[in-house]
Amino acid sequence: MISLVVIAIERSLATIFYRHYEQCPKWLGAWFGIAQIVTPFACCGIVTISYDTSERFSFCSLVSKSNFDLAMQISYILLMSEVLAIVLFHIALFVNWRRVRSRALMDPVGRYQVTENFRTVAALTPLIWCHFLIMIGSAVYFFSYISFNPTFDPRIYPILEESSNQIYWHGIILPLIMFLIYRFVN
């Protein structure tokens, strides 16, 4: 999930600075890589530090009564980052699509970078949509359960987390999206 946000930010920077993007500093890629590694560890670390060790389950979960609210706040942040990724991808796709149409007026480096940006963003957009749909489906299921059950006991969180996890749909939805794009575009 964080990787998609980082890729969206990187592609947005490539879109904004397309004239000089090939000359961008190498440390920028290193920072993106570090962000993809550090952010998930930081989220798990924050939740782990506040874990109540007196509550033990046979299920592997970092959520307990004491850190349930914190885990929910992190879930909201991750959900908003998913929305941010899809918005950034569509803005980059639209801007690059407009530039591709007028690339005859550009220098060779600008033409190459705009074409490459458009191809990359267009290729990754179905992946972003697939992940977004799966995330939203899980979030709707999870948050609707909590809203209909106001006396939600955080100890049931591991069961609810597993029952709302829809990541296995990725292998079904992504090929379906790719097929539909191929079918309607060609």
Side-chain angles (χ1 to χ4, degrees), residues 1-50 62-63 67 70-139 165-171 173-178 180-182 185:
M1 175 183 323
I2 298 301
S3 296
L4 298 178
V5 175
V6 171
I7 291 170
I9 293 169
E10 186 270 331
R11 285 291 95 194
S12 297
L13 290 174
T15 299
I16 294 168
F17 302 112
Y18 74 95
R19 287 187 179 105
H20 308 290
Y21 187 71
E22 67 180 16
Q23 299 163 349
C24 79
K26 304 290 185 253
W27 55 263
L28 189 62
W31 279 108
F32 286 141
I34 290 169
Q36 291 182 56
I37 295 169
V38 170
T39 305
F41 279 116
C43 290
C44 286
I46 290 168
V47 173
T48 304
I49 287 171
S50 60
L62 293 174
V63 179
N67 68 356
L70 180 64
M72 291 305 295
Q73 290 171 355
I74 290 175
S75 297
Y76 286 129
I77 291 169
L78 294 176
L79 187 60
M80 289 298 108
S81 69
E82 197 74 29
V83 172
L84 174 69
I86 202 160
V87 168
L88 286 177
F89 257 86
H90 279 283
I91 290 171
L93 187 64
F94 177 74
V95 169
N96 285 311
W97 174 72
R98 295 218 23 193
R99 286 182 182 158
V100 163
R101 290 185 12 205
S102 64
R103 68 182 171 196
L105 305 172
M106 296 180 189
D107 61 331
V109 172
R111 269 196 305 264
Y112 169 77
Q113 194 61 45
V114 165
T115 304
E116 201 58 34
N117 282 346
F118 181 73
R119 286 180 184 163
T120 303
V121 172
L124 290 176
T125 300
L127 176 69
I128 294 288
W129 266 106
C130 180
H131 200 271
F132 178 76
L133 291 173
I134 290 169
M135 239 347 236
I136 289 298
S138 297
N165 186 3
Q166 303 295 321
I167 199 65
Y168 58 86
W169 280 97
H170 209 286
I173 294 174
L174 185 60
L176 183 62
I177 290 173
M178 298 299 283
L180 292 173
I181 288 172
Y182 176 77
V185 171

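Below, all heavy atoms of this structure are taken into account, side chains as well, without hydrogens, waters or symmetry copies. Residue numbers start at 1 and run along the sequence shown.
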Which residues share a side-chain contact (heavy atoms from CB on, under 4.5 Å) with R19, sequence neighbours left out: none
Distance (rounded to the nearest 0.5 Å) between F89 CZ and T125 OG1: 6.0 Å
Nearest-0.5 Å distance that lies between atom CZ in F17 and atom OG in S12: 11.0 Å
Non-hydrogen side-chain atoms of V95 and F118 separated by less than 4.5 Å: no
Atom pair CE/CD1 of M135 and I86 - distance to nearest 0.5 Å: 12.0 Å
Between OG1 on residue T39 and CG on residue L78, distance to nearest 0.5 Å: 9.5 Å
Minimal non-hydrogen separation, A35 against P40, with atom names: O-CD, 4.2 Å
Side chain to side chain, I136 and L79, heavy atoms closer than 4.5 Å: yes
L176 side, atom CG; C130 side, atom SG - distance, nearest 0.5 Å: 9.0 Å
Shortest non-hydrogen separation from N96 to V114 and the atoms involved: O-CG1, 4.0 Å
R99 to W97 six-membered ring, cation-pi geometry met (6.0 Å, 45°): no
Minimum-distance pair of heavy atoms, taken over all atoms of Y18 and Q113: O-CG, 3.3 Å
Min side-chain heavy-atom separation F132-V83 under 4.5 Å: yes
For A92 against T15, the heavy-atom pair lying closest together: CB-OG1, 3.7 Å
Donor-acceptor under 3.5 Å (N117 side chain, A14 main chain): yes
Working for side-chain contact (heavy atoms from CB on, under 4.5 Å), residues I134 and W129: CA-CA 9 Å; I134 290 169; W129 266 106; over 6 Å; no
Between CD on residue Q36 and CG on residue L4, distance to nearest 0.5 Å: 9.0 Å
Steps toward side-chain contact (heavy atoms from CB on, under 4.5 Å) verdict (L88, R11): CA-CA 8 Å; L88 286 177; R11 285 291 95 194; over 6 Å; no
Heavy-atom pair of closest approach, residues I177 and P126: CG2-CB, 3.7 Å
